[in-house]
Every structure is written in structure tokens, then in C-alpha cells.
A.B. asks: 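One structure, pasted below without further comment.
All values below were derived from every heavy atom in this structure, side-chain atoms included, with hydrogens, water molecules and symmetry-related copies excluded.
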Amino acid sequence: MKKTLQPAIFLDKDGTLIENVPYNVNPELVKFQPGAVQAISRLGAAGFLIVIVTNQSGIAKGYFKRRELIELRDALACRLAREAGVHLQGFQYCPHAPDSNGRPTCLCRKPRPGLLMEAATLYGIDLQNSWMIGDTLDDVEAGIRAGCATVLYDSGGETLWRQSPLRHPTMHAFQWTEVVRFILDQEEQGSPQVSVQKTLAALSGATE
């Protein structure tokens with residue numbers, strides 16, 4: 001019997017779900033972004049799987065160990081269960097450092113879509129009906145490359161603003177209340193995937 005795929009909310013961690021404390025793995029320093037807990041609660045109740053996808057080059061740079069990141073993951077999962085009433089389905093992370101120009105040296109570091117594709121395979125996720133939410137255009141690009149709708153949650157994380165067709169979010173928001181309202185409205189009206197698929201098809205045609 002073919003397994004039914006489920007939509008997911010892919011969440012960047014630092015600067016999106018929680019306040020950005022560079023290279024932090026101390027659960028005591030974790031603070032959720034304003035409105036994030038309530039938003040995740042509503043999205044989980046709407047039937048979305050919740051998956052964190054995060055670049056963690058601090059491992060490659062020697063700032064912390066994998067086990068410390070896993071301890072932080074477990075603490076986040078406990079808090080989301082307790083405060084938002086949702087199960088954290090997945091926590092996919094890239095442990096690799098970028099090159100000297102900030103570009104990925106692997107297949108998993110965002111803006112590449114490897115983390116999302118891995119999660120889709122592991123958890124049976126319907127990428128075309130899923131959303132990637134992040135505070136940088138690298139998050140947006142990773143989401144679009146995976147075939148998801150995207151939200152740029154603008155908390156100040158994006159500083160370079162490098163533009164391309166793959167870096168135009170479905171929505172640009174400054175508050176979590178805007179994000180959850182928009183996604184749930186789109187769910188009622190129908191998925192915004194037409195624009196995402198047109199972008200990918202156009203780019204594919206341009207490279208043939």
C-alpha cells in the first residue's frame with residue numbers, strides 16, 4: 001500500500017524559530033521568537049509536520065560537538081511539546097562549513113535543498129504542499145529548490161540580499177502572526193504552488 005504523504009513546515013532554527021545567539025548550544029539561552037510558539041501550535045493543529053532544518057557549521061569549526069547540538073535538539077523538542085503541543089518530527093542539520101566565499105561545500109548546506117529532501121524521504125513529506133520558513137534568502141532558495149512554498153521571516157538575518165528567481169519568497173513577513181495567518185489562508189484557498197512550479201520549470205528550461 002502506498003504511503004500517504006503529509007505536508008510539513010520546514011523551520012530554520014536561529015533567527016526564525018528562536019532568537020539568534022551565534023553558535024549557541026546551551027538550552028538555557030534559548031528564547032523563542034515572539035509569537036513563534038503560538039504559530040507553531042496552530043500550524044501543527046492544521047496537520048503540518050514540524051521539521052527544523054538548520055546550518056550548523058559550528059561543528060566543523062570546533063565550536064561545539066554533535067552531542068551538544070543533539071542535547072539542544074532534545075530540549076527544543078520538549079519545549080515545543082510542552083508549550084506548543086506539537087511533536088517535532090525532524091531535526092535535520094548540516095555540520096559542514098562553507099568555503100571562503102560562504103558557498104556550500106556539501107549537498108546539505110542551505111541554500112542547497114539537501115536537508116529538506118532528506119526529511120521528505122525519512123518522514124514521507126509532500127514537498128509541493130509544504131512550506132519553508134526562514135530569516136534569510138538562503139532559506140528561501142533551499143525551499144524553492146525543494147519545491148516548497150516559502151516565507152522570508154524578516155528578523156534581520158538577511159544582510160546581503162542577493163537576488164535571483166530562486167530567492168523570491170511566496171511571502172515576506174515581519175511577524176509570526178502574519179506568517180501563520182497567510183499560510184492558513186492559503187490552505188483554505190488552495191496551495192500557492194503554481195508560481196513555485198513555474199519558477200522551477202522556467203529555470204530548468206533555461207539550463208537545457
A.B. asks: Look at the side chain of Glu19 and the backbone N and O of Val21, then say whether any donor-acceptor pair between them is shorter than 3.5 Å.
C.D. replies: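 The answer is no, because no donor-acceptor pair under 3.5 Å joins these two groups.
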A.B. asks: Looking at residues at least two apart in the chain, or sitting in another chain, which of them share a side chain to side chain contact (heavy atoms under 4.5 Å, CB included) with Gln6?
C.D. replies: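 Gln6: side chain to side chain contact (heavy atoms under 4.5 Å, CB included) contacts with Leu49.
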A.B. asks: Please lay out, stage by stage, how Asp138 and Arg167 fare under the test salt bridge (Lys or Arg N to Asp or Glu O under 4.0 Å).
C.D. replies: CA-CA 7 Å; Asp138 279 358; Arg167 297 168 76 86; 2.9 Å; yes
A.B. asks: Ile52 pairs by side chain to side chain contact (heavy atoms under 4.5 Å, CB included) with which of Ile18, Leu115, Ile9, Leu76?
C.D. replies: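 The side chain to side chain contact (heavy atoms under 4.5 Å, CB included) with Ile52 is passed solely by Leu76 among Ile18, Leu115, Ile9, Leu76.
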A.B. asks: Report the C-alpha distance between Lys13 and Gln56 in whole Å, list the side-chain angles of each, state the deciding distance to 0.1 Å, and finish with yes or no for side-chain contact (heavy atoms from CB on, under 4.5 Å).
C.D. replies: CA-CA 10 Å; Lys13 181 170 73 70; Gln56 293 294 318; 3.4 Å; yes
A.B. asks: If Ile, Leu, Val, Met, Phe, Trp and Tyr residues are connected whenever their side-chain heavy atoms lie under 4.5 Å apart, and connections chain through other members, are Leu160 and Ile144 in the same group?
C.D. replies: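 Different clusters.
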A.B. asks: Within the side chain of Thr150, is there an N or O that forms a donor-acceptor pair under 3.5 Å with the backbone of Val140?
C.D. replies: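 It does not hold such a pair.
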A.B. asks: Name all pairs fulfilling the side chain to side chain donor-acceptor pair (under 3.5 Å) condition that reach into residues 75-95, sequence neighbours left out, sorted by first residue then second.
C.D. replies: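 Sorted pair list: Arg66-Tyr93, Arg79-Glu83, Gln92-Glu118, Gln92-Tyr123.
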A.B. asks: Going hydrophobic residue to hydrophobic residue with side-chain gaps under 4.5 angstrom, can you get from Trp131 over to Leu5?
C.D. replies: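 Trp131 does not cluster with Leu5.
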A.B. asks: Supply the atom-to-atom distance Asn55 CG to Arg109 CZ, rounded to the nearest 0.5 angstrom.
C.D. replies: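 The distance works out to 4.0 Å.
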A.B. asks: Taking side chain to side chain contact (heavy atoms under 4.5 Å, CB included) as the definition, give me every residue that meets it alongside Leu29, ordered by chain and number, with sequence neighbours left out.
C.D. replies: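 Applying side chain to side chain contact (heavy atoms under 4.5 Å, CB included) to Leu29 gives Asn24, Asn26.
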A.B. asks: Going by salt bridge (Lys or Arg N to Asp or Glu O under 4.0 Å), name the pairs with one or both residues in residues 27-56, residues two or more places apart or in two chains.
C.D. replies: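 Found none.
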A.B. asks: Can you name the closest pair of heavy atoms from Ile125 and Ser130 and give their distance?
C.D. replies: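 The pair with the smallest heavy-atom distance is CG2-OG, 3.4 Å.
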A.B. asks: Nearest 0.5 angstrom please: Leu80 CG to Ile40 CD1, how far?
C.D. replies: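 The CG atom of Leu80 sits 7.0 Å away from the CD1 atom of Ile40.
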A.B. asks: So Asp154 and His172, do their side chains get closer than 4.5 Å, heavy atoms only?
C.D. replies: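 Yes. Closest side-chain heavy atoms under 4.5 Å.
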A.B. asks: Would you confirm whether Ser41, through its side chain, and Val37, through its main-chain N or O, come within 3.5 Å as a donor-acceptor pair?
C.D. replies: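 It does not hold such a pair.
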A.B. asks: Give a yes or no on this: more than 12 heavy atoms of other residues, nucleotides or ligands lie within 6.0 Å of atom NZ of Lys65.
C.D. replies: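 Atom NZ in Lys65 is not packed in, count stays at 12 or less.
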A.B. asks: Can you check side-chain contact (heavy atoms from CB on, under 4.5 Å) on Val53 and Leu11, steps first, answer last?
C.D. replies: CA-CA 6 Å; Val53 287; Leu11 288 168; over 6 Å; no
A.B. asks: Would you compute the distance between atom CD of Glu187 and atom CD1 of Ile183 and round it to the nearest 0.5 angstrom?
C.D. replies: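 Reported to 0.5 Å precision, the distance equals 8.0 Å.
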A.B. asks: Do Phe10 and Phe48 have side chains that approach each other closer than 4.5 Å (heavy atoms only, starting at C-beta)?
C.D. replies: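 Phe10 vs Phe48: side chains apart.
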A.B. asks: Contact between Asp139 and Met132 at the side-chain level, heavy atoms closer than 4.5 Å - yes or no?
C.D. replies: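 They are in side-chain contact.
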A.B. asks: Measure the spacing between CZ of Phe64 and CD of Glu71 and express it to the nearest 0.5 Å.
C.D. replies: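 Going from the CZ atom of Phe64 to the CD atom of Glu71 covers 12.0 Å.
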A.B. asks: Determine yes or no for a side-chain-to-main-chain donor-acceptor pair under 3.5 angstrom, with Glu178 supplying the side chain and Phe174 the backbone.
C.D. replies: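 Yes, Glu178 side chain to Phe174 backbone: donor-acceptor pair under 3.5 Å.
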A.B. asks: Would you check if the side chain of Asn129 reaches a backbone N or O of Asp126 as a donor-acceptor pair within less than 3.5 Å?
C.D. replies: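 Judged by distance alone, no pair lies under 3.5 Å.
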A.B. asks: State, to 0.1 Å, how close Ala39 and Val180 come at their nearest heavy-atom pair, and which atoms those are.
C.D. replies: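 That would be O-CG2, 3.8 Å.
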A.B. asks: Roughly how far, to the nearest 0.5 Å, is OG1 of Thr177 from CD of Gln38?
C.D. replies: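 That separation rounds to 10.0 Å.
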A.B. asks: Rounded to the nearest 0.5 Å, what separation is found between the CG atom of Leu69 and the OG1 atom of Thr54?
C.D. replies: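 With rounding to 0.5 Å, CG (Leu69) is 7.5 Å from OG1 (Thr54).
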A.B. asks: Mark yes or no for whether Gln33, through its side chain, and Ala36, through its backbone, hold a donor-acceptor pair below 3.5 Å.
C.D. replies: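 No, the answer is negative, given that no donor and acceptor are paired below the 3.5 Å cut-off.
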A.B. asks: For the residue pair Ser57 and Pro95, establish whether any side-chain heavy-atom pair is separated by less than 4.5 Å.
C.D. replies: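 Result no, sub-4.5 Å side-chain heavy-atom pair not found.
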A.B. asks: Counting distance only, does the side-chain N/O of Lys61 pair as donor-acceptor with the main-chain N or O of His96 below 3.5 Å?
C.D. replies: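 No; zero donor-acceptor contacts below 3.5 Å.
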A.B. asks: Taking all non-hydrogen atoms of both residues, which atom of Val51 and which atom of Ala119 are closest, and how far apart?
C.D. replies: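 Distance-wise, the nearest heavy atoms are CG1-CB, 4.0 Å.
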A.B. asks: Evaluate the ring planes of Tyr23 and Tyr63, with Trp represented by its six-membered ring, and classify them as parallel (under 30°), tilted (30 to 60°) or perpendicular (over 60°).
C.D. replies: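 Rings of Tyr23 and Tyr63: perpendicular, over 60°.
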A.B. asks: Show me, pair by pair, the donor-acceptor contacts under 3.5 angstrom made by side chains of residues 99-108, not counting sequence neighbours?
C.D. replies:
{"from": "Asp99", "atom 1": "OD1", "to": "Asn101", "atom 2": "N", "distance (Å)": "2.8"}
{"from": "Asp99", "atom 1": "OD1", "to": "Gly102", "atom 2": "N", "distance (Å)": "3.0"}
{"from": "Asp99", "atom 1": "OD1", "to": "Arg103", "atom 2": "N", "distance (Å)": "2.8"}
{"from": "Asp99", "atom 1": "OD2", "to": "Arg103", "atom 2": "NE", "distance (Å)": "3.2"}
{"from": "Thr105", "atom 1": "OG1", "to": "Ala97", "atom 2": "O", "distance (Å)": "3.0"}

A.B. asks: Going by side chain to side chain contact (heavy atoms under 4.5 Å, CB included), name the residues that satisfy it together with Thr16, two or more places apart in sequence or in a different chain.
C.D. replies: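 Partners of Thr16 under the side chain to side chain contact (heavy atoms under 4.5 Å, CB included) test: Asp12, Ile133, Asp135, Tyr153, Trp176.
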A.B. asks: With heavy-atom distances below 4.5 Å as the criterion, would you say the side chains of Asp185 and Arg181 are in contact?
C.D. replies: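 Side-chain contact under 4.5 Å: yes.
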